[in-house]
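Just below is one structure, and these are the notes that go with it.
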Number of protein chains: 2
Amino acid sequence: MRIREAAERSGLNPKRVRYYERVGLIEPARRLDNGYRDYDERAVHELRFIHRAREMGFGLERIRRLLALWRDRSRPSSEVKAVAEEQLGELDAKIRRLTELRENLKHLAQCCDGDHRPDCPILEELSREEAAAVEQELDEREAG
Amino acid sequence: MRIREAAERSGLNPKRVRYYERVGLIEPARRLDNGYRDYDERAVHELRFIHRAREMGFGLERIRRLLALWRDRSRPSSEVKAVAEEQLGELDAKIRRLTELRENLKHLAQCCDGDHRPDCPILEELSREEAAAVEQELDEREAG
DNA sequence: GATAAACCTTCCCTCGATGGGAAGGTCAAG
DNA sequence: CTTGACCTTCCCATCGAGGGAAGGTTTATC
């Protein structure tokens with residue numbers, strides 16, 4: 001099976017498959033006489049695993065660890081769960097940050113009339129002179 | 001005022017200031033005789049504006065538009081609001097996506113015993129043989 | 001046997017928004 | 001005169017790909 005078929009059957013495309021090989025996520029494929037990569041069912045399974053893990057939002061480093069655990073038939077499920085908890089922690093952090101940004105911006109946007117006049121609390125907020133800048137400067141003078 | 005001071009007073013660092021200049025977010029700075037960039041208070045105000053907009057989560061292209069509106073004293077606030085609404089839409093989409101990922105993964109992790117045994121619903125989910133793959137293949141055969 | 005198409009290969013560039021660091025110029029204090 | 005703190009430009013790395021060039025192979029069709 002050449003790369004296109006392996007890619008299609010795992011939900012990927014050839015570029016991504018080559019990329020995953022290049023970064024060492026999968027073993028370098030065997031080559032046919034003409035230099036083409038040659039895949040078997042086992043490889044397709046691994047590629048599908050990677051595809052699904054990407055869909056679930058895992059980064060490639062985390063997928064690398066999940067693959068190692070998957071291959072190890074005697075893994076303790078606690079280790080898999082640990083990877084998942086890490087991922088969950090990251091997701092939580094990102095969601096929290098984005099939600100803060102959203103709430104903040106939503107508030108400002110609600111306060112903006114959105115008419116033909118130039119006054120806008122959003123721009124005012126962005127250009128506000130702030131005590132923080134002064135504090136920062138003081139901090140740095142003292143530290144230096 | 002040289003770049004370090006301008007950067008500090010706007011909450012940035014010199015690298016970012018040069019970068020913003022390079023991508024055309026700010027005008028190229030005047031140069032001193034020795035080639036050093038020279039900034040005034042107005043430049044610091046712009047840099048601070050950019051810094052705060054970044055903190056609020058805006059990307060540089062959106063900031064470019066906000067800067068243009070900020071400079072235009074006769075802007076209608078509706079245009080500023082429109083930029084903010086775009087940003088809000090993006091934030092919402094990202095949050096929705098991340099929340100879906102989180103709920104899905106949280107569910108799987110809860111179902112995982114997390115003990116010394118190898119059985120794990122997370123790995124099972126990732127390696128599950130799926131009708132979807134077959135369907136996709138069929139779709140593509142038909143299309144081709 | 002020619003030709004076109006659909007593949008395959010490697011290689012490099014692009015994205016966003018920086019950070020790191022090299023190599024070299026400038027300036028003030030000790 | 002040297003040290004150190006600046007400044008300059010330049011290139012490389014990140015993450016996870018996609019785009020596309022340049023060139024080789026195979027398959028189908030005429």
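Chain letters run A, B, ... following the sequence lines, proteins first and then strands; every chain starts at 1. When reading the values below, keep in mind they use all heavy atoms of this one structure, side chains included, and skip hydrogens, waters and symmetry mates. Predicted model, so just to flag it, every value in this text is computed and none were measured.
At the heavy-atom level, B:Tyr20 lies under 4.0 Å from the strands shown only through sugar-phosphate atoms.
Considering only side-chain atoms of A:Tyr19, the nucleotide from C:dT10, C:dT18, D:dG16 that sits closest is D:dG16. The A:Arg54 side chain lies nearest to D:dA17 when the options are D:dC6, C:dT10, D:dA17. In this structure, the nucleotide among C:dC8, D:dG18, D:dC7 sitting nearest to the side chain of A:Tyr36 is C:dC8. Comparing C:dT18, D:dT8, D:dG24 against the side chain of B:Arg18 picks out D:dT8 as the nearest. Side-chain proximity of B:Arg4 to D:dA17, D:dT26, D:dC7: nearest is D:dC7.
Counting to the nearest Å, the P atom of C:dA17 and the CZ atom of B:Arg62 are 10 Å from each other. Between the CZ atom of B:Arg16 and the P atom of D:dC7 there is a distance of 16 Å, rounded to whole Å. Atoms CG (A:Asp38) and P (C:dC7) sit 17 Å apart, rounded to a whole Å. Regarding B:Leu12, its CG atom lies at a distance of 14 Å from the C1' atom of C:dG19, rounded to whole Å. For B:Arg2 and D:dC7, the CZ to P distance is 6 Å, given to the nearest whole Å. Between B:Glu21 atom CD and D:dT9 atom C1' there is a gap of 12 Å when expressed in whole angstrom units. Distance A:Leu47 CG to D:dA17 P: 12 Å, rounded to the nearest Å. Atoms CZ (B:Arg31) and P (C:dT26) sit 14 Å apart, rounded to a whole Å.
By the 4.0 Å N-to-carboxylate-O rule, B:Arg16 lies too far from B:Glu21 to be salt-bridged with it. Ion pairing between B:Asp92 and B:Arg96 fails under the 4.0 Å rule for side-chain N and carboxylate O. The pair B:Arg65-B:Glu79 does not meet the salt-bridge criterion, since no charged nitrogen lies less than 4.0 angstrom from a carboxylate oxygen.
Residue A:Arg22 is the one, among A:Asp33 and A:Arg22, whose nearest nucleotide of DNA chain D lies closer to the 5' end (criterion: closest heavy atom). Both A:Lys15 and B:Ile3 lie close to DNA chain D; mapped to their nearest nucleotides by heavy-atom distance, the more 5′-ward contact belongs to B:Ile3. Taking the nucleotide of DNA chain C with the nearest heavy atom to each of A:Arg37 and B:Asn13, the more 5' of the two is matched to A:Arg37.
For CZ of A:Arg73, the number of neighbouring non-hydrogen atoms (other residues, nucleotides, ligands) closer than 6.0 Å is 12 at most.
Between A:Asn34 and D:dT26 there is a side-chain N or O to OP1 or OP2 distance below 4.0 Å.
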Check against salt bridge (charged side-chain N to carboxylate O under 4.0 Å, His left out), A:Asp115 and A:Arg117: CA-CA 6 Å; A:Asp115 57 19; A:Arg117 290 170 304 173; 2.6 Å; yes

